[in-house]
Amino acid sequence: MQKFIKVPHTLTLLFGMMVLAMIATWIVPQGFFETQTLANGRAAVVPGTFALVEERHYLSPWQLLTAIPRAFASAQDVIFFVLILGGVLAIARATGTVDALIGRLLRRYGERPQMLILMVVFCFAMASSAIGTAGEYIPFVLILVALCKAMRLDAMTAVGMTVAGYGIGYGVSAINPFTVVIAQQIADLPVLSGMALRLAIFLPFVLIGFHHVWSYAKKVLADPSQSMVAGLPCPLGDKATPGYPELNWRHRLILLSFVSTIGVVAYGIRAHGWYLYELSACFIAWGLFTTVIGRLSADTAAQKFIEGAMELTTTAMLIGVARGISLVMEDGQILHTLVHGLSLPLSYVGAEIAVVGMLLIQTFLNFFIPSGSGQAYVTMPLMVPLSDLLEIPRQVAVLAYQFGDGFSNMIIPTNAVLMGIIGIAGVPYGHWFRFCWPLMVKLLIASSVVLIGAVWLGYGLDVQPITAGLSQ
């Protein structure tokens, strides 16, 4: 069946979604909640204040077109981060460090690709769970693509292990400051409470992701024609590397500085609230250091940087247009209407069904609010009183938010990090969707079982605020 379905270009797909979003603003009632400014300066919606606008505002096709450059401006931090990263990695490749690293990993994991996949999924999930890393994985994509190519795997496998680790880490995070901490603060729960359950389900969910990626990789190893990206150009070109240089002291020093840069970035995010501007600066510094240690001339480094940035122009375009989808929804004032309308039916069902409904709603809304913290500020003020009404512990409502936000990060085209990863790897979104949706189904089923069990066991009742009205 797949052979008879022509998947549109990812850019075509994203622009089509922008058009559909504009049409939706003509049909869906427009309305909004009042908002209040919290102690941290962020705005959160006020439950019970939803109201429709007195006069509908129709977005015109002209406004759709102007939304595209506005979206590029809105996503400029991610776009420039990707372009700078592409340039810096091109400098690193010019020193031979990447080839030397691949050669070393091949000698260690060449006959055990399953161990490589498990290691990457586990480590990326750990980092996302602990400090909320996401865009930081983009530097690893081309390295993993090259490594998979050398191991007779494909770019889809490289993307699969990267995104599975990223999404699952966010979904079952124990201490993610951008999701867990914010959601618990809004729910008036002790920060990082309920960690035991989240730690207990971490490994089982990681194994679900590993199993999905490894099952696909085995098919590709057995028959390369089974690759979902067969026939598509490899972002590294079609020339196979005849041999890999030895990992000398210069390469080791460059790799050590790369790991140190990641460490500095992680510390800056946690301690000083750094984001993509500071991350870009760190990688520029690493590029300069690599140029000196790798004994590249200034002109050579400059040329390689430009070539690397040019290779990721398509990726930057996709990120900009993807941001335009949610921008159109915001301009059309239908985002709060969707949140309000989706939450109403939950008040008429039992706790077990309602908590699964919360999961599905959070999953759906992540398409329109791809920011984890942004989704918390919009949805948690509504889900908290709803959970009290249905006698669902607030801790369970936070868990439903985590699952919905984290897992759907792996598949929604409005997620700039995802679009950056698949763009760098040369994997069209339609191909990625076919790979990822079965994994999403598995994760949603597993998370539904966990949520229902959490309701039955009263997960979080020990920290439930007395004012919530639940029996203690």
Side-chain angles (χ1 to χ4, degrees), residues 6-35 37 42-46 49-80 82-83 276 313-344 361-375 377-379 382 408-409 411-420 422-423 428-430 433:
K6 177 176 173 55
V7 179
H9 190 282
T10 304
L11 189 60
T12 304
L13 189 66
L14 293 176
F15 183 72
M17 291 181 178
M18 285 189 67
V19 174
L20 290 177
M22 180 190 68
I23 295 173
T25 65
W26 300 345
I27 302 171
V28 177
Q30 296 175 328
F32 53 87
F33 288 95
E34 294 179 10
T35 59
T37 302
R42 294 294 299 267
V45 302
V46 179
T49 62
F50 179 79
L52 296 175
V53 298
E54 295 182 0
E55 184 177 352
R56 175 179 287 275
H57 170 65
Y58 290 93
L59 291 186
S60 67
W62 175 252
Q63 290 172 298
L64 172 71
L65 297 178
T66 57
I68 296 176
R70 288 173 51 224
F72 274 82
S74 177
Q76 61 179 307
D77 50 357
V78 182
I79 291 172
F80 288 122
V82 166
L83 293 176
L276 294 176
T313 302
T314 299
T315 301
M317 298 287 289
L318 296 178
I319 292 171
V321 177
R323 174 67 181 94
I325 300 171
S326 54
L327 192 62
V328 170
M329 304 290 287
E330 294 168 10
D331 290 347
Q333 301 182 80
I334 64 173
L335 184 58
H336 285 189
T337 303
L338 291 173
V339 175
H340 174 69
L342 289 170
S343 65
L344 286 179
I361 287 174
Q362 297 285 11
T363 300
F364 177 74
L365 288 176
N366 201 31
F367 179 91
F368 308 107
I369 319 172
S371 164
S373 57
Q375 186 172 345
Y377 286 114
V378 171
T379 62
L382 303 176
S408 59
N409 280 333
I411 201 168
I412 57 169
T414 50
N415 180 4
V417 173
L418 172 64
M419 300 310 292
I422 67 175
Y429 177 75
F433 184 88

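Not measured: the values here are computed from a predicted model. Atom set for the values below is all heavy atoms of this structure, side chains included, hydrogens, waters and symmetry mates excluded.
The two atoms that bring Ala71 and Gly320 nearest to each other are CB-O, 3.2 Å, heavy atoms only. Contact between Leu83 and Ala316 at its shortest, heavy atoms only, is CD2-CB, 4.1 Å. For Phe15 against Val321, the heavy-atom pair with the smallest separation is N-CG1, 4.1 Å.
Between Phe32 and Thr49 the shortest side-chain heavy-atom distance does not fall below 4.5 Å. Here the side chains of Leu418 and Asn409 are not in contact, with every heavy-atom distance at 4.5 Å or above. A 4.5 Å side-chain heavy-atom check between Ile411 and Tyr429 finds at least one atom pair inside the cut-off. The shortest distance between side-chain heavy atoms of Asp331 and Thr25 does not fall below 4.5 Å. The side-chain heavy atoms of Thr414 and Met17, taken from C-beta on, include no pair separated by under 4.5 Å.
One finds the CG atom of Leu14 at 11.0 Å from the CE atom of Met317 (value rounded to the nearest 0.5 Å). Put simply, CE on Met329 and NE2 on His336 are 11.5 Å apart, with the number rounded to the nearest 0.5 Å. Rounding to the nearest 0.5 angstrom, the gap separating the CD atom in Gln375 from the OG1 atom in Thr363 is 8.0 Å. In this structure, Ile27 CD1 and Ile334 CD1 are separated by 9.0 Å, a value rounded to the nearest 0.5 Å.
Scanning for side chain to side chain contact (heavy atoms under 4.5 Å, CB included) contacts around Gln63 gives His57, Leu59, Ser60, Thr66, with sequence neighbours left out.
Within a 6.0 Å sphere centred on CZ of Phe72, heavy atoms belonging to other residues, nucleotides or ligands number more than 12.
With respect to Met18, the side chain to side chain contact (heavy atoms under 4.5 Å, CB included) criterion is satisfied by exactly one of Leu65, Ile23, Leu327, Ile325: Ile325. Screening Val53, Val28, Leu52 against Gln333 for a side chain to side chain contact (heavy atoms under 4.5 Å, CB included) leaves a single residue, Val53. When each of Asn415, Ile412, Leu338 is tested with Phe367 by the rule side chain to side chain contact (heavy atoms under 4.5 Å, CB included), just one qualifies, namely Ile412.
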